[in-house]
Amino acid sequence: MDAADLTAFGDSLAVPSVVCLWIAVLLRAPAALRSPQQRGLWLAVATAAAAMTLNLPDVIAYAMRDPDYAHAVGLVRNLIGVLSAGTVLYFVAAATRGRALQLASWVGTVAWLTTLVVLDTAAPAHTAHTIPAQGDPVPSLAYWLFQISAHLLANVTCVSLCWRYSRRTESRGLAAGLRLFGLGTALAGLFWFAYLLKALFASTWAVPALPLMMNLHGLLRAAAILVPTLFTLRRTSADIATAWRLWPLWHDLVQAVPHVALTKPRAGRVVELLWPPVPRNLLVYRKVIETRDAILILGEYVAPGVPELARTHVTGHGIPEQRRTAAALACVLKEARQAKLAGRPGQPGEDTAWELPAAMQTSAEGGDLDDEARFLVDVAQAYGSPSTTDFTPQRPHTP
C-alpha cells in the first residue's frame with residue numbers, strides 16, 4: 001500500500017468514525033449524567049466527536065468556500081480539540097480521585113484555550129489553520145506548539161493511567177474499556193507527535209498515516225465507552241435465555257404452589273419476556289427464588305422412597321452422570337406436584353429423606369445464584385424430557 005492508498009483508506013474511515021462516536025456518546029449519555037465517575041470519560045469522547053465532525057472532509061470543503069468560515073471553523077476545531085484534551089486530563093484526575101487535580105485540569109484547559117485565542121488574534125491576517133509542507137505554520141509556530149503540547153500532555157498522562165489501572169482492576173469490562181481507550185489515546189498521541197515533527201522540522205514522512213491514526217482513535221474511543229453497554233446487552237441476553245428455559249418448570253411449580261409468586265404469572269413465555277412483571281434485571285432472580293421456594297414446599301409432598309426410585313430411574317435411562325441429579329429432581333418434582341394438585345396431605349416437619357441438591361444449598365446460604373440458575377435450567381430441561389414423563393413410581397395407598 002503506497003502513501004496515497006494509505007491516506008485514502010484513512011479518509012474512508014472518517015465518517016464511520018464520527019458516526020460511531022456520536023452513537024456511543026448518545027447511548028452512554030444517561031449513564032454518564034448519573035455517574036460522576038463516567039462523566040469525564042464521556043466528555044472526552046463527546047468533545048473528540050465534535051472536533052472530528054468539524055474535521056470531516058465535506059465540512060472542511062464547505063468552510064473553504066468562504067475565507068471567514070475557513071478561519072472560524074479552523075479555530076473552533078482547534079479549541080474543541082484542546083477542550084477534549086482538557087477533559088481527558090479531567091478524566092485522569094477523576095479516576096485518581098484528586099479534587100485538586102480536577103480543578104487544575106480545568107484551570108489549565110481554560111488557560112490553554114485563552115492562550116490559543118490570544119495567539120490567533122495576535123497573528124497576521126489568515127484563513128485556514130495549517131502547517132504547510134513549505135513555509136511557516138499558520139497562524140504561527142507558537143500557536144501550534146501550544147496546541148500540540150496540550151494534546152501530548154493529556155494523551156501521555158491518559159495512556160499511562162489506562163495501562164496502570166487496566167492491570168489492577170478485577171473487572172473484565174473496566175479493563176477492556178481502559179485498554180481500548182488507552183490504545184485510541186496512544187494513536188491520538190502519535191498523531192500529534194507527527195504534527196510536532198512537521199511543525200519543528202518540516203518532517204512529512206508520517207503525514208499519509210495521519211487520517212488513519214485519527215479515525216482509528218475515534219473508533220477505539222467509541223468502543224471504549226460502549227463496553228459497559230455491550231456487557232449489559234450480553235447479560236440481558238443471557239438472562240432472557242435463562243428465563244425462557246426456566247419458564248416451563250417455574251410455571252408448573254407456581255401453578256401448584258401459587259403463593260410463592262411475587263406477581264401473577266403472565267399468559268405465556270413470550271408475554272413474560274416482552275412484558276415482565278418485575279424489572280427486567282430481576283426477572284431471573286425472581287424465577288430462581290420462586291422456583292426454589294416452590295421446591296421447598298413441594299418437598300412436603302415427596303413420598304418416602306421416591307428420591308431413591310428417581311435416582312435409580314435416571315441411571316437406568318442412561319442419563320450422563322453430570323445431569324443425573326437434575327434429572328432425578330425433575331422426576332421427584334413431577335410426583336410431588338401431582339400429589340399436591342391431587343389434594344393429598346403434605347408431611348411438614350417430618351423426615352421424608354428430602355434434601356436440596358448441593359447447588360441449591362450453596363445458593364441458599366448466600367452463594368452464587370448463577371450456579372443455582374444453571375442447575376435449575378438443567379432441571380427444567382429434564383422436567384420436559386421423556387425420561388421424566390416415564391417416571392411412575394408405585395404410590396402408597398391412602399386409607
Side-chain angles (χ1 to χ4, degrees), residues 10-60 62-63 73 76-95 102 105-106 109 113 151 154-155 158 161-162 166 171-188 191 211-240 274 276 279-281:
D11 286 337
S12 69
L13 296 178
V15 173
S17 176
V18 169
V19 170
C20 288
L21 278 169
W22 282 118
I23 290 174
V25 166
L26 293 175
L27 286 176
R28 295 303 299 167
L33 294 175
R34 290 193 303 266
S35 171
Q37 290 79 12
Q38 299 183 36
R39 203 166 297 153
L41 182 64
W42 181 83
L43 283 171
V45 176
T47 50
M52 290 179 66
T53 300
L54 293 176
N55 203 41
L56 288 173
D58 289 344
V59 175
I60 294 175
Y62 179 81
V73 170
V76 170
R77 184 173 65 240
N78 293 159
L79 293 176
I80 293 178
V82 171
L83 179 61
S84 177
T87 54
V88 167
L89 286 176
Y90 174 78
F91 160 62
V92 171
Q102 293 179 44
S105 67
W106 285 122
T109 300
L113 293 172
H151 285 283
N155 292 336
C158 182
L161 173 87
C162 290
S166 68
S171 168
R172 289 192 304 160
L174 179 58
L178 287 172
R179 286 167 186 162
L180 287 170
F181 193 83
L183 182 56
T185 303
L187 288 175
F191 175 93
L212 181 61
M213 289 182 188
M214 182 52 63
N215 293 321
L216 282 179
H217 136 269
L219 291 172
L220 287 168
R221 283 194 171 180
I225 68 169
L226 283 177
V227 164
T229 300
L230 295 177
F231 270 70
T232 299
L233 287 175
R234 189 179 73 169
R235 179 68 185 184
T236 301
S237 299
D239 284 351
I240 288 173
L274 292 179
R280 190 172 297 279
N281 62 326

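Computed from heavy atoms alone, side chains included, the values below leave out hydrogens, waters and symmetry copies. In this chain, residues are counted from 1 in sequence order.
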For Thr229, all residues meeting side-chain hydrogen bond (donor to acceptor under 3.5 Å, both in side chains), sequence neighbours excluded: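 If we apply the side-chain hydrogen bond (donor to acceptor under 3.5 Å, both in side chains) test to Thr229, skipping adjacent residues, the hits are Arg28.
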
Val59 and Arg77, any side-chain heavy atoms less than 4.5 Å apart: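 Answer no - side chains too far apart.
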
Heavy-atom side-chain proximity of Ile60 to Val73 below 4.5 angstrom: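 When only atoms from C-beta onward are counted, Val73 and Ile60 do not touch, as no gap falls below 4.5 Å.
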
What are the two closest heavy atoms between [X] and [Y], and how far apart are they?
X	Y	result
Ala188	His217	CB-CD2, 3.6 Å
Cys20	Ala222	O-CB, 3.6 Å
Cys158	Val88	CB-CG1, 3.4 Å
Ala14	Pro57	CB-CD, 4.2 Å
Pro30	Leu26	CD-O, 3.6 Å
Leu178	Phe91	CD2-CZ, 4.1 Å

How long is the gap from [atom1] on [X] to [atom2] on [Y], to the nearest 0.5 Å?
X	Y	atom1	atom2	answer
Leu220	Asn215	CG	CG	11.0 Å
Thr87	Trp106	OG1	CH2	6.0 Å
Leu27	Trp22	CG	CH2	13.0 Å
Leu83	Thr47	CG	OG1	5.5 Å
Leu21	Leu219	CG	CG	7.0 Å
Leu79	Thr109	CG	OG1	12.0 Å

Partner residues of Arg235 under the salt bridge (Lys or Arg N to Asp or Glu O under 4.0 Å) criterion, sequence neighbours left out: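 Salt bridge (Lys or Arg N to Asp or Glu O under 4.0 Å) check on Arg235 returns Asp239, Asp370.
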
Worked verdict on Tyr90 versus Leu41 for side-chain contact (heavy atoms from CB on, under 4.5 Å): CA-CA 8 Å; Tyr90 174 78; Leu41 182 64; over 6 Å; no

Evaluation steps, side-chain contact (heavy atoms from CB on, under 4.5 Å), between Met214 and Leu13: CA-CA 9 Å; Met214 182 52 63; Leu13 296 178; over 6 Å; no

Side chain of [X], backbone of [Y]: donor and acceptor closer than 3.5 Å?
X	Y	result
Asn155	His151	yes
Arg221	Phe181	no
Ser84	Ile80	no

Under the side-chain contact (heavy atoms from CB on, under 4.5 Å) test, residues paired with Thr236 that sit two or more places apart: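 Once residues adjacent in sequence are excluded, the partners of Thr236 under the side-chain contact (heavy atoms from CB on, under 4.5 Å) criterion are Thr232, Ile240, Arg280.
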
